[in-house]
Colleague: 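My questions will all concern the structure given below.
Below, chain A is the first sequence line, B the second, and so on; all start at residue 1.
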Amino acid sequence: MREAGVKKPNGDSYRRIYVVVSRIPRGRVATYGQVAMLAGLHGRARLVGYALNALSEGSGVPWHRVINARGEISERAGEGPAEVLQRLRLERERVRFDDRGRIALDRLRWRPRSSRRKA
DNA sequence: ATGCTGACTATGT
DNA sequence: TACATAGCCAGCA
């Protein structure tokens, strides 16, 4: 049982995901799993990838701030400019990549107040 | 209905 | 650190 009897239309899931992604501040990143959890979809990280894939260009959703748990940009099927575009957009927000093309998640991961313990 | 695929992750080796 | 597995779930043949 997921959510203990709480009923929720699956179509609503994408919308929730977009809302969460839209909250990620500039210069910060979040992982697919993290977005899923914040959207009330714990354990359904793949769904986040699905939702972002369905996004259109002028959606205004900062999809480029979502990366995988290893701190890398996930590769899409086939080859496309999306991955390169994602890195360029992040670098423009001053997000740095190391030699292996990874981001220092410990340092740049977005920590919303709701999941932040007192300093 | 079944089976496969995919912008994923946690865990074990 | 890297690879293999199992779990995950929507969309499509």
Colleague: Rounded to the nearest Å, what distance is computed from the CZ atom of residue A/Arg70 to the P atom of nucleotide B/dT9?
Modeller: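 A/Arg70 atom CZ is separated from B/dT9 atom P by 8 Å.
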Colleague: Please report, rounded to the nearest Å, how far the P atom of C/dC9 is from the CG atom of A/Asn53.
Modeller: 19 Å
Colleague: Looking only at the side chain of A/Arg102 (C-beta and beyond, no hydrogens), which of the listed nucleotides B/dG6, C/dA2, B/dA7 gets closest?
Modeller: C/dA2
Colleague: Which whole-number value in Å describes the distance from A/Tyr14 OH to B/dG6 P?
Modeller: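 It works out to 15 Å between those atoms.
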Colleague: Atom CZ of A/Arg109 to atom P of B/dT9: distance rounded to whole Å?
Modeller: 9 Å
Colleague: Is a side-chain N or O of A/Gln86 found less than 3.5 angstrom from the main chain of A/His64, in a donor-acceptor match?
Modeller: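 Present.
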Colleague: Choosing from B/dG6, B/dA7, C/dT1, which nucleotide comes nearest the side chain of A/Tyr50?
Modeller: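 Comparing B/dG6, B/dA7, C/dT1 against the side chain of A/Tyr50, the answer is B/dG6.
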Colleague: Quick check for you: to the nearest 0.5 Å, what is the distance between A/Tyr18 atom OH and A/Ser13 atom OG?
Modeller: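 If I round to the nearest 0.5 Å, the distance is 10.5 Å.
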Colleague: Which part of the nucleic acid, if any, lies within contact of A/Leu47, taking any heavy atom under 4.0 Å across all strands shown: a base, the sugar-phosphate backbone alone, or nothing?
Modeller: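 Here A/Leu47 touches the backbone only, sparing every base.
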Colleague: Of all heavy-atom pairs between A/Arg23 and A/Pro112, which one has the smallest distance, and what is that distance?
Modeller: NH2-CB, 3.8 Å
Colleague: Using whole Å, report how far CG of A/Asn68 lies from C1' of C/dC3.
Modeller: 15 Å
Colleague: With P as the reference atom in both, quote the distance from B/dA7 to C/dG7 in angstrom, rounded to an integer.
Modeller: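 These two P atoms come out 22 Å apart once rounded.
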Colleague: Which nucleotide sits closest to the side chain of A/Ser74: B/dA7, B/dG6, C/dT1?
Modeller: B/dA7
Colleague: Hey, does the side chain of A/Tyr50 reach the backbone of A/Tyr14 with a donor-acceptor pair shorter than 3.5 angstrom?
Modeller: no
Colleague: For A/Arg44 and B/dG6, give me the distance from atom CZ to atom P, rounded to whole Å.
Modeller: 22 Å
Colleague: With a 4.5 Å limit on heavy-atom distance, are the side chains of A/Val35 and A/Trp110 in contact?
Modeller: no
Colleague: So, is A/Arg65 near the phosphate of B/dA7, with a side-chain N or O under 4.0 Å from OP1 or OP2?
Modeller: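 Negative; the distance criterion is not met.
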Colleague: Rounded to the nearest angstrom, tell me the gap between atom CD in A/Glu83 and atom P in B/dG6.
Modeller: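 Those two atoms, CD and P, are 14 Å apart.
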Colleague: Hey, is the main chain of A/Arg76 close enough, under 3.5 Å, to the side chain of A/Glu83 for a donor-acceptor pair?
Modeller: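 Such a contact is found between A/Glu83 side chain and A/Arg76 backbone.
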Colleague: Can you sort out which residues in residues 89-99 of chain A have a heavy atom within less than 4.0 Å of DNA chain B? Ascending by number, please.
Modeller: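 Of all residues in residues 89-99 of chain A, none places a heavy atom under 4.0 Å from DNA chain B.
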Colleague: Test your reading of the model: is there a side-chain donor-acceptor pair from A/Arg109 to the backbone of A/Ala30, 3.5 Å cut-off?
Modeller: no
Colleague: For the pair made of CG in A/Leu41 and C1' in C/dA10, what is the distance, rounded to whole Å?
Modeller: 12 Å
